[in-house]
Protein chains: 2
Amino acid sequence: MPESEQWLELLEEKGCRITEPRRTIVDLMVHSDNALSPIDLFDKARASFPKMGLVTVYRTLEILNQLGLVERVHQKGGCHMYLRAANGHEHIMLCTRCGQAAYFHGDDLGALIHKINSESGFLIQEHWLQLHGLCKNCQ
Amino acid sequence: MPESEQWLELLEEKGCRITEPRRTIVDLMVHSDNALSPIDLFDKARASFPKMGLVTVYRTLEILNQLGLVERVHQKGGCHMYLRAANGHEHIMLCTRCGQAAYFHGDDLGALIHKINSESGFLIQEHWLQLHGLCKNCQ
DNA sequence: ATGATAATGAAATACATTTTCAATAAGGAA
DNA sequence: TTCCTTATTGAAAATGTATTTCATTATCAT
């Protein structure tokens, strides 16, 4: 089953109606190699669905984020872009030159987290790691 | 030498004038255990320097950020707060209950980064790790 | 096919940040 | 010290980003 369909099924399970705007945004997010801002999505979406409203982009991103399907990308310049979420122990890598995102399925950070827990007394509940560099093409 | 003085010297070396607003903000950032937003800083600063302008807070944070003395903190709710920057291989931990920040000096990411470089072809230039959990007091 | 209501888009609003600019103050030169 | 240059400042305006409101539309269970 195409990934877009899986996302739409999750939306349906959550009790959401499947609409044209949502289909459009899901499709764009599933297939994008680059992080996209709400405005990026708005512009791209209107190519195939001219009536798309910017508010709907925000609302749909919020739902997809709640479902863990997309996540906000954090960059020096700002934190306004979204990307397909990393699954399990994947980590996101962003190319600083072309913007392409890649997912690396590396070790989990369990050992480090555990060490921090025991040495610092801090009880870590959540962590995120983001990597910035040059992709193969841009080196 | 107090850390505030060190920061001010770095500002001077950069060619900046040492002003009352800058002293005030530096002092607040050096001594804060919690991440602070521009508005937080604005409010706190006016306690000792009532004429402080919000724009100056933004401008000073930008300079301190360029000098690597403060860094933006990334949280689910948004990325509008700043903290003394982590040095070397320190990583920032934030308490999700009281907001207190702690710095943990544990590397171990070198191996992971190296592995990613060789396996993915991606050349990692920078990495950010941020940890969220409960500090000793809040557990 | 119908109807209840979730979802939508546009406008208004709220919030965050940056730009502009005249007045002020820092700090080197006299 | 006093003067002068100019970086810095604060206020207002402008820009950019995100959310709320609300009447209209479209989904989907019946």
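Just so it is clear: chains get the letters A, B, ... in the order the sequence lines come, proteins before strands, and each one is counted from 1.
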Do the non-hydrogen side-chain atoms of L94(A) and T96(A) ever get within less than 4.5 Å of each other? no
From the list E62(B), E71(B), E126(B), salt bridge (Lys or Arg N to Asp or Glu O under 4.0 Å) partner of K76(A) resolves to E126(B)
Would you give a per-nucleotide map of nucleotides 22-30 of chain C, 5' to 3', where B means the base has a protein non-hydrogen atom under 4.0 Å away, S means only the sugar-phosphate does, and - means neither? ---BBS---
Could you tell me the boundaries of the chain A footprint on DNA chain D, defined by atoms under 4.0 Å from its heavy atoms? dT17(D) to dC28(D)
In this structure, how many angstroms lie between the P atom of dA16(C) and the CG atom of L61(B), rounded? 14 Å
For a quick check of understanding: with a heavy-atom distance under 4.0 Å over all strands, which category does F49(B) fall into, base, sugar-phosphate or nothing? sugar-phosphate
Candidate nucleotides dG9(C), dT19(C), dT17(C), ranked by approach to the side chain of L54(B) - the nearest: dT17(C)
Using only side-chain N and O atoms of H80(B), determine if any of them is under 4.0 Å from OP1 or OP2 of dT17(C). yes
R46(B) atom CZ: more than 12 heavy-atom contacts under 6.0 Å: yes
Per nearest nucleotide of DNA chain C, the residue lying toward the 5' end, R72(B) or P21(A), is P21(A)
Just do the salt bridge (Lys or Arg N to Asp or Glu O under 4.0 Å) check on R22(B) and E12(B) with the steps written out, would you? CA-CA 11 Å; R22(B) 284 177 180 167; E12(B) 209 160 17; over 6 Å; no
Quick one, I25(B) and V57(B) - any side-chain contact, counting heavy atoms below 4.5 Å? yes
Have a look at R59(B) and say if it touches a base, only the backbone sugar-phosphate, or nothing, with a 4.0 Å heavy-atom cut-off. base
Do E5(A) side-chain atoms and P2(A) backbone N/O form a donor-acceptor pair below 3.5 Å? no
Could you check how far CD of E62(B) sits from C1' of dA16(C), rounded to whole Å? 15 Å
Cluster partners of W128(A), using ILVMFWY side-chain heavy atoms under 4.5 angstrom, listed by chain and number? W128(B)
If only side-chain N and O atoms count, and only distance matters, is there a donor-acceptor pair under 3.5 Å linking D27(B) with T24(B)? no
For atom CG of D40(B) and atom P of dA16(C), their distance in whole Å: 10 Å
What I'd like to find out is whether the side chain of H105(B) reaches to under 4.5 Å of the side chain of H91(B), using heavy atoms alone. no
